[in-house]
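Scroll down for the structure; my scribbles are underneath it.
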Amino acid sequence: MDGELVPWDEAKVHVLVHGLHYGSGVFEGIRAYPTERGPAVFRLRDHMKRLYQSAHLLMMDPPFSIDELCEATKETIRANDIDSCYIRPLIYRGYNTLGVNPLPCPVDAMILVWEWDAYLGPEALEKGVAVKISSWTRSAPNTFPAMAKSVANYANSGLIKMEAVADGYSEGIALDTTGQLSEGSGQNLFLVRDHTLYTPPVAASILPGITRDTIMVLAKDLGLTVVEQALPREMTYVADEMFFVGTAVEVTPITSVDRIQIGNGKCGPVTRAIQEAYFDYVNGKTPDRHGWLTYVNA
Ligand code: PPE
(Lines give C-alpha, C1' and ligand atoms only; values in the text may rest on other atoms or scores of the structure.)
Protein backbone atom coordinates (compact mmCIF):
# COMPACT_ATOMS: atom_id res chain seq x y z
CA MET A 1 0.00 0.00 0.00
CA ASP A 2 1.54 3.32 -1.13
CA GLY A 3 4.93 1.71 -1.49
CA GLU A 4 5.00 -0.46 1.66
CA LEU A 5 4.40 -4.16 2.15
CA VAL A 6 1.49 -4.42 4.60
CA PRO A 7 0.21 -7.62 6.27
CA TRP A 8 -3.25 -8.65 5.02
CA ASP A 9 -5.07 -7.90 8.29
CA GLU A 10 -3.57 -4.42 8.48
CA ALA A 11 -4.36 -3.44 4.89
CA LYS A 12 -7.04 -0.87 5.78
CA VAL A 13 -8.29 2.53 4.67
CA HIS A 14 -10.27 5.28 6.42
CA VAL A 15 -14.08 5.45 5.96
CA LEU A 16 -13.72 8.91 4.44
CA VAL A 17 -11.67 7.68 1.49
CA HIS A 18 -13.14 9.41 -1.57
CA GLY A 19 -13.16 6.28 -3.70
CA LEU A 20 -15.45 4.55 -1.23
CA HIS A 21 -18.09 7.29 -1.46
CA TYR A 22 -17.89 8.32 -5.10
CA GLY A 23 -16.32 5.41 -6.97
CA SER A 24 -13.21 7.41 -7.82
CA GLY A 25 -10.77 4.62 -8.53
CA VAL A 26 -9.28 2.61 -11.37
CA PHE A 27 -8.00 -0.92 -11.18
CA GLU A 28 -6.56 -3.94 -12.93
CA GLY A 29 -6.95 -7.69 -12.74
CA ILE A 30 -3.86 -9.68 -13.64
CA ARG A 31 -2.94 -13.32 -13.19
CA ALA A 32 0.33 -15.06 -12.44
CA TYR A 33 0.64 -18.71 -13.40
CA PRO A 34 3.06 -21.39 -12.28
CA THR A 35 5.69 -22.31 -14.84
CA GLU A 36 8.83 -24.43 -14.79
CA ARG A 37 10.78 -21.24 -14.08
CA GLY A 38 8.54 -20.23 -11.16
CA PRO A 39 5.56 -17.87 -11.27
CA ALA A 40 5.13 -15.80 -14.41
CA VAL A 41 2.82 -12.78 -14.62
CA PHE A 42 0.84 -12.64 -17.83
CA ARG A 43 1.08 -9.36 -19.77
CA LEU A 44 2.05 -7.40 -16.66
CA ARG A 45 3.24 -4.30 -18.48
CA ASP A 46 0.20 -4.20 -20.75
CA HIS A 47 -2.05 -4.26 -17.69
CA MET A 48 -0.12 -1.47 -16.00
CA LYS A 49 -0.26 0.56 -19.20
CA ARG A 50 -4.03 0.16 -19.24
CA LEU A 51 -4.11 1.18 -15.56
CA TYR A 52 -2.29 4.36 -16.54
CA GLN A 53 -4.75 4.93 -19.37
CA SER A 54 -7.68 4.45 -16.98
CA ALA A 55 -6.11 6.88 -14.49
CA HIS A 56 -5.57 9.42 -17.27
CA LEU A 57 -9.24 9.19 -18.26
CA LEU A 58 -10.24 9.85 -14.63
CA MET A 59 -7.73 12.71 -14.25
CA MET A 60 -5.58 10.90 -11.74
CA ASP A 61 -1.81 11.12 -11.71
CA PRO A 62 -0.58 7.75 -10.38
CA PRO A 63 1.99 8.10 -7.57
CA PHE A 64 4.20 5.41 -9.16
CA SER A 65 5.61 4.84 -12.61
CA ILE A 66 4.68 1.83 -14.75
CA ASP A 67 8.10 0.32 -14.01
CA GLU A 68 7.62 0.80 -10.28
CA LEU A 69 4.17 -0.80 -10.39
CA CYS A 70 5.57 -3.80 -12.28
CA GLU A 71 8.43 -4.19 -9.80
CA ALA A 72 6.06 -3.81 -6.84
CA THR A 73 3.83 -6.54 -8.27
CA LYS A 74 6.75 -8.95 -8.51
CA GLU A 75 7.86 -8.04 -5.00
CA THR A 76 4.37 -8.59 -3.56
CA ILE A 77 4.15 -12.04 -5.16
CA ARG A 78 7.60 -12.95 -3.82
CA ALA A 79 6.66 -11.71 -0.33
CA ASN A 80 3.59 -13.96 -0.38
CA ASP A 81 5.58 -16.91 -1.66
CA ILE A 82 2.87 -18.14 -4.02
CA ASP A 83 3.27 -19.35 -7.58
CA SER A 84 -0.25 -18.82 -8.80
CA CYS A 85 -2.36 -15.79 -8.01
CA TYR A 86 -4.70 -13.05 -9.09
CA ILE A 87 -3.24 -9.57 -8.79
CA ARG A 88 -5.40 -6.54 -8.08
CA PRO A 89 -3.75 -3.12 -8.40
CA LEU A 90 -6.04 -0.22 -7.42
CA ILE A 91 -5.38 3.50 -7.75
CA TYR A 92 -7.94 5.58 -5.92
CA ARG A 93 -8.74 8.97 -4.47
CA GLY A 94 -7.95 8.81 -0.80
CA TYR A 95 -8.57 10.64 2.45
CA ASN A 96 -9.08 14.38 2.54
CA THR A 97 -12.59 15.71 2.25
CA LEU A 98 -16.12 14.86 1.17
CA GLY A 99 -17.68 16.40 -1.92
CA VAL A 100 -18.00 15.07 -5.44
CA ASN A 101 -14.84 16.83 -6.68
CA PRO A 102 -12.08 14.19 -6.53
CA LEU A 103 -9.26 16.64 -7.24
CA PRO A 104 -8.59 17.77 -3.62
CA CYS A 105 -8.04 14.14 -2.57
CA PRO A 106 -4.69 12.38 -2.80
CA VAL A 107 -4.13 9.59 -5.32
CA ASP A 108 -3.29 6.42 -3.40
CA ALA A 109 -2.20 3.06 -4.74
CA MET A 110 -2.26 -0.53 -3.62
CA ILE A 111 -1.57 -3.93 -5.09
CA LEU A 112 -3.00 -7.07 -3.55
CA VAL A 113 -2.45 -10.66 -4.53
CA TRP A 114 -4.58 -13.64 -3.67
CA GLU A 115 -5.33 -17.11 -4.93
CA TRP A 116 -8.34 -17.22 -7.23
CA ASP A 117 -9.50 -20.41 -8.93
CA ALA A 118 -11.84 -20.75 -11.88
CA TYR A 119 -13.99 -17.60 -11.88
CA LEU A 120 -17.32 -19.21 -12.76
CA GLY A 121 -16.83 -22.39 -10.73
CA PRO A 122 -14.74 -25.54 -11.04
CA GLU A 123 -16.68 -27.06 -13.97
CA ALA A 124 -17.11 -23.92 -16.05
CA LEU A 125 -13.85 -24.17 -18.00
CA GLU A 126 -14.60 -27.74 -18.99
CA LYS A 127 -18.36 -27.81 -19.47
CA GLY A 128 -19.23 -24.20 -20.16
CA VAL A 129 -21.83 -21.89 -18.68
CA ALA A 130 -25.43 -20.82 -19.22
CA VAL A 131 -25.89 -17.09 -19.70
CA LYS A 132 -28.71 -14.66 -20.31
CA ILE A 133 -28.95 -11.40 -22.18
CA SER A 134 -29.26 -8.86 -19.40
CA SER A 135 -32.15 -6.47 -19.09
CA TRP A 136 -29.51 -3.93 -18.05
CA THR A 137 -27.77 -2.04 -20.85
CA ARG A 138 -24.07 -1.21 -20.84
CA SER A 139 -23.46 2.47 -20.12
CA ALA A 140 -24.26 4.85 -22.96
CA PRO A 141 -21.47 6.51 -24.91
CA ASN A 142 -20.42 9.76 -23.28
CA THR A 143 -21.59 8.75 -19.81
CA PHE A 144 -18.94 6.55 -18.20
CA PRO A 145 -15.74 5.93 -20.15
CA ALA A 146 -16.02 2.21 -20.93
CA MET A 147 -12.38 2.18 -22.02
CA ALA A 148 -11.37 2.94 -18.43
CA LYS A 149 -11.34 0.05 -15.98
CA SER A 150 -12.93 2.37 -13.47
CA VAL A 151 -14.48 1.26 -10.19
CA ALA A 152 -17.65 3.24 -10.95
CA ASN A 153 -18.31 1.21 -14.12
CA TYR A 154 -18.73 -1.87 -11.97
CA ALA A 155 -21.99 -0.65 -10.45
CA ASN A 156 -23.44 -1.56 -13.87
CA SER A 157 -21.57 -4.89 -13.87
CA GLY A 158 -22.94 -5.69 -10.42
CA LEU A 159 -26.52 -5.21 -11.60
CA ILE A 160 -25.93 -7.45 -14.63
CA LYS A 161 -24.39 -10.13 -12.45
CA MET A 162 -27.02 -10.05 -9.70
CA GLU A 163 -29.86 -10.31 -12.20
CA ALA A 164 -28.20 -13.26 -13.94
CA VAL A 165 -27.58 -15.13 -10.68
CA ALA A 166 -31.09 -14.42 -9.39
CA ASP A 167 -32.49 -15.91 -12.62
CA GLY A 168 -30.33 -19.04 -12.33
CA TYR A 169 -27.61 -18.18 -14.86
CA SER A 170 -23.85 -17.99 -14.39
CA GLU A 171 -23.47 -14.67 -16.14
CA GLY A 172 -25.23 -11.94 -18.04
CA ILE A 173 -24.32 -10.42 -21.39
CA ALA A 174 -25.23 -6.78 -21.78
CA LEU A 175 -26.20 -5.00 -24.98
CA ASP A 176 -25.00 -1.50 -25.80
CA THR A 177 -27.44 1.40 -26.18
CA THR A 178 -27.95 0.59 -29.87
CA GLY A 179 -29.05 -2.92 -28.94
CA GLN A 180 -25.91 -4.63 -30.25
CA LEU A 181 -23.88 -7.12 -28.20
CA SER A 182 -21.43 -5.56 -25.78
CA GLU A 183 -19.86 -7.79 -23.11
CA GLY A 184 -20.40 -9.78 -19.93
CA SER A 185 -20.37 -8.25 -16.45
CA GLY A 186 -16.62 -8.82 -16.23
CA GLN A 187 -15.52 -10.42 -19.48
CA ASN A 188 -15.42 -9.93 -23.24
CA LEU A 189 -17.06 -12.35 -25.60
CA PHE A 190 -16.39 -14.11 -28.86
CA LEU A 191 -18.62 -16.18 -31.06
CA VAL A 192 -17.69 -18.64 -33.77
CA ARG A 193 -19.48 -19.06 -37.09
CA ASP A 194 -18.05 -21.11 -39.93
CA HIS A 195 -14.56 -21.11 -38.38
CA THR A 196 -14.50 -17.31 -38.15
CA LEU A 197 -14.29 -15.55 -34.80
CA TYR A 198 -16.49 -12.51 -34.15
CA THR A 199 -16.20 -10.05 -31.28
CA PRO A 200 -17.86 -6.69 -30.57
CA PRO A 201 -15.77 -3.57 -31.33
CA VAL A 202 -14.43 -1.02 -28.84
CA ALA A 203 -17.30 1.31 -29.79
CA ALA A 204 -19.80 -1.18 -28.30
CA SER A 205 -19.11 0.15 -24.76
CA ILE A 206 -16.69 -2.69 -23.96
CA LEU A 207 -13.59 -2.68 -21.84
CA PRO A 208 -10.88 -3.44 -24.42
CA GLY A 209 -9.68 -6.58 -22.71
CA ILE A 210 -6.11 -7.74 -22.68
CA THR A 211 -7.34 -11.33 -22.91
CA ARG A 212 -9.49 -10.29 -25.88
CA ASP A 213 -6.36 -8.94 -27.55
CA THR A 214 -4.46 -12.10 -26.59
CA ILE A 215 -7.14 -14.32 -28.11
CA MET A 216 -7.17 -12.32 -31.33
CA VAL A 217 -3.42 -12.91 -31.66
CA LEU A 218 -3.55 -16.61 -30.69
CA ALA A 219 -6.52 -17.22 -33.02
CA LYS A 220 -4.57 -15.75 -35.92
CA ASP A 221 -1.61 -17.94 -34.93
CA LEU A 222 -4.03 -20.88 -35.26
CA GLY A 223 -4.98 -19.72 -38.75
CA LEU A 224 -8.43 -18.42 -37.80
CA THR A 225 -9.96 -15.21 -39.11
CA VAL A 226 -11.03 -12.69 -36.48
CA VAL A 227 -13.65 -10.06 -37.20
CA GLU A 228 -14.37 -7.10 -34.90
CA GLN A 229 -17.80 -5.79 -35.76
CA ALA A 230 -21.14 -4.75 -34.35
CA LEU A 231 -23.11 -7.93 -33.66
CA PRO A 232 -26.86 -8.25 -33.22
CA ARG A 233 -28.21 -10.19 -30.26
CA GLU A 234 -29.53 -12.97 -32.47
CA MET A 235 -26.00 -13.83 -33.65
CA THR A 236 -25.62 -15.57 -30.28
CA TYR A 237 -28.55 -17.93 -30.92
CA VAL A 238 -27.21 -19.04 -34.30
CA ALA A 239 -23.53 -19.21 -33.34
CA ASP A 240 -21.68 -22.51 -33.73
CA GLU A 241 -19.75 -21.77 -30.52
CA MET A 242 -19.39 -18.99 -28.02
CA PHE A 243 -16.99 -18.17 -25.21
CA PHE A 244 -16.07 -15.56 -22.62
CA VAL A 245 -12.54 -14.23 -22.25
CA GLY A 246 -10.98 -12.25 -19.43
CA THR A 247 -8.21 -12.42 -16.90
CA ALA A 248 -10.43 -13.86 -14.19
CA VAL A 249 -12.71 -15.98 -16.43
CA GLU A 250 -9.79 -17.05 -18.70
CA VAL A 251 -11.41 -18.82 -21.70
CA THR A 252 -14.80 -20.16 -20.64
CA PRO A 253 -17.23 -21.79 -23.08
CA ILE A 254 -20.81 -20.50 -23.24
CA THR A 255 -23.18 -23.36 -23.94
CA SER A 256 -26.54 -21.59 -23.88
CA VAL A 257 -27.94 -18.08 -24.14
CA ASP A 258 -31.43 -17.44 -22.74
CA ARG A 259 -31.80 -21.24 -22.44
CA ILE A 260 -31.24 -21.58 -26.20
CA GLN A 261 -28.51 -24.13 -26.81
CA ILE A 262 -25.38 -22.95 -28.65
CA GLY A 263 -24.06 -25.55 -31.13
CA ASN A 264 -24.26 -28.98 -29.58
CA GLY A 265 -24.44 -27.54 -26.06
CA LYS A 266 -20.85 -28.51 -25.27
CA CYS A 267 -17.50 -26.77 -25.55
CA GLY A 268 -16.85 -26.66 -29.31
CA PRO A 269 -13.62 -27.57 -31.08
CA VAL A 270 -12.55 -24.01 -31.90
CA THR A 271 -13.17 -22.88 -28.32
CA ARG A 272 -11.21 -25.86 -27.02
CA ALA A 273 -8.27 -25.18 -29.34
CA ILE A 274 -8.16 -21.53 -28.26
CA GLN A 275 -8.50 -22.48 -24.60
CA GLU A 276 -5.60 -24.91 -24.91
CA ALA A 277 -3.45 -22.37 -26.74
CA TYR A 278 -4.21 -19.85 -23.99
CA PHE A 279 -3.42 -22.14 -21.06
CA ASP A 280 -0.30 -23.49 -22.74
CA TYR A 281 0.88 -19.94 -23.23
CA VAL A 282 0.18 -18.59 -19.73
CA ASN A 283 1.67 -21.67 -18.12
CA GLY A 284 4.86 -21.27 -20.14
CA LYS A 285 4.38 -24.54 -22.02
CA THR A 286 4.78 -22.89 -25.42
CA PRO A 287 7.58 -20.49 -26.33
CA ASP A 288 6.87 -16.92 -25.27
CA ARG A 289 6.91 -15.68 -28.86
CA HIS A 290 5.02 -12.47 -28.07
CA GLY A 291 7.02 -11.51 -24.95
CA TRP A 292 4.00 -11.75 -22.65
CA LEU A 293 5.51 -13.48 -19.60
CA THR A 294 7.26 -11.73 -16.72
CA TYR A 295 9.10 -14.16 -14.51
CA VAL A 296 8.73 -13.11 -10.88
CA ASN A 297 12.06 -14.56 -9.75
CA ALA A 298 14.09 -13.36 -12.72
N1 PPE B 1 -14.86 -6.49 -19.64
C2 PPE B 1 -15.07 -6.21 -18.33
C3 PPE B 1 -16.26 -5.42 -17.95
C4 PPE B 1 -14.16 -6.69 -17.38
O5 PPE B 1 -14.37 -6.40 -16.10
C6 PPE B 1 -13.06 -7.47 -17.79
C7 PPE B 1 -12.09 -8.00 -16.79
C8 PPE B 1 -12.88 -7.72 -19.16
C9 PPE B 1 -13.79 -7.22 -20.06
C10 PPE B 1 -11.70 -8.50 -19.68
O11 PPE B 1 -10.52 -7.75 -19.54
P12 PPE B 1 -9.08 -8.43 -19.40
O13 PPE B 1 -9.02 -9.00 -18.04
O14 PPE B 1 -8.14 -7.32 -19.64
O15 PPE B 1 -9.01 -9.48 -20.45
N16 PPE B 1 -12.62 -8.24 -15.50
C17 PPE B 1 -11.73 -8.41 -14.39
C18 PPE B 1 -12.47 -8.35 -13.08
C19 PPE B 1 -13.34 -9.50 -12.69
C20 PPE B 1 -13.84 -9.32 -11.29
O21 PPE B 1 -14.85 -9.96 -10.94
O22 PPE B 1 -13.25 -8.58 -10.51
C23 PPE B 1 -10.84 -9.64 -14.57
O24 PPE B 1 -11.15 -10.53 -15.35
O25 PPE B 1 -9.81 -9.66 -13.92
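Atom set for the values below is all heavy atoms of this structure, side chains included, hydrogens, waters and symmetry mates excluded. We count ligands from 1, going down the list as the structure has it; atoms in each ligand are counted the same way.
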Requested in this report: List the closest protein heavy-atom neighbour of atom 21 (O) of ligand 1: residue, atom name, distance to the nearest 0.1 Å.
Outcome: Tyr119 OH, 2.5 Å
Query raised in the report: Stepwise, does the side-chain hydrogen bond (donor to acceptor under 3.5 Å, both in side chains) test hold for Arg50 with Gln53?
Result: CA-CA 5 Å; Arg50 186 174 65 185; Gln53 177 183 288; over 6 Å; no
Report task. Provide the number and element of each atom of ligand 1 under 4.0 Å from a heavy atom of Arg88. Result -> 18 (C), 22 (O)
Report summary line: Under 4.0 Å from one or more heavy atoms of Ala248, ligand 1 contributes atoms 23 (C), 24 (O), 25 (O)
Query raised in the report: What atoms of ligand 1 come within less than 4.0 Å of a heavy atom belonging to Arg138?
Result: 3 (C)
Query - Tyr237 versus Asp258, side-chain donor and acceptor atoms under 3.5 Å - result: yes
Query raised in the report: Closest approach of Ser84 and Pro34, non-hydrogen atoms and distance?
Result: CB-CD, 3.9 Å
Report task. Please say whether Tyr86 places an N or O atom under 3.5 Å from an N or O atom belonging to ligand 1. Result -> yes
Query - Sub-3.5 Å N/O-N/O distance, Gly186 and ligand 1 - result: yes
Query - NZ/NE/NH1/NH2 to OD/OE distance under 4.0 Å, Arg272 and Glu126 - result: yes
Query raised in the report: Are Glu71 and Lys74 within salt-bridge range, i.e. N to O under 4.0 Å?
Result: yes
Query raised in the report: Within the side chain of Arg45, is there an N or O that forms a donor-acceptor pair under 3.5 Å with the backbone of Trp292?
Result: no
Query raised in the report: Which is it for Tyr92 and Phe27 under the ring pair (Phe, Tyr, Trp, His ring centres under 6.0 Å) test, yes or no, and what are the steps along the way?
Result: CA-CA 8 Å; Tyr92 58 101; Phe27 68 105; over 10 Å; no
Requested in this report: Spell out, as yes or no, whether a donor-acceptor pair under 3.5 Å connects the side chain of Thr247 to the backbone of Ile30.
Outcome: no
Report task. Would you check if the side chain of Glu241 reaches a backbone N or O of Val270 as a donor-acceptor pair within less than 3.5 Å? Result -> yes
Report summary line: In this structure, atom 15 (O) of ligand 1 is nearest to the protein heavy atom Thr211 OG1, 2.5 Å
Query raised in the report: Hey, does Ile173 have a side-chain heavy atom less than 4.5 Å from the side chain of Leu181?
Result: yes
Report task. Output the list of atoms in ligand 1 that are nearer than 4.0 Å to some heavy atom of Tyr154, sorted by atom number. Result -> 2 (C), 3 (C), 4 (C), 5 (O)
Requested in this report: Say whether His47, considering both its backbone and side-chain N or O atoms, lies within less than 3.5 Å of an N or O atom on ligand 1.
Outcome: no
Report summary line: Of all protein heavy atoms, the one nearest atom 13 (O) of ligand 1 is Thr247 OG1, 2.6 Å
**Report entry** Ser185-ligand 1 polar pair, N/O distance under 3.5 Å
**Finding:** no
Report task. Tell me which protein heavy atom sits closest to atom 10 (C) of ligand 1, plus the residue, atom name and distance to 0.1 Å. Result -> Asn188 OD1, 3.6 Å
Query raised in the report: Near Glu183, which atoms of ligand 1 are under 4.0 Å from a heavy atom of that residue?
Result: 1 (N), 2 (C), 3 (C), 9 (C)
Report summary line: Closest heavy-atom pair, Asp167 versus Arg259, reported as atoms and distance to 0.1 Å, is O-NH2, 3.9 Å
Query raised in the report: Can you check whether Ser157 has an N/O within less than 3.5 Å of an N/O in ligand 1?
Result: no
Report task. Please say whether Pro208 places an N or O atom under 3.5 Å from an N or O atom belonging to ligand 1. Result -> no
Query - Numbering as shown, the atoms of ligand 1 that approach Gly209 to under 4.0 Å (heavy-atom distance) - result: 11 (O), 12 (P), 14 (O), 15 (O)
Report summary line: Taking only non-hydrogen atoms of Lys149 and a 4.0 Å limit, the atoms of ligand 1 in range are 4 (C), 5 (O), 6 (C), 7 (C), 16 (N), 17 (C), 18 (C)
Report summary line: Within 4.0 Å of some non-hydrogen atom of Gly29, the atoms of ligand 1 are 25 (O)
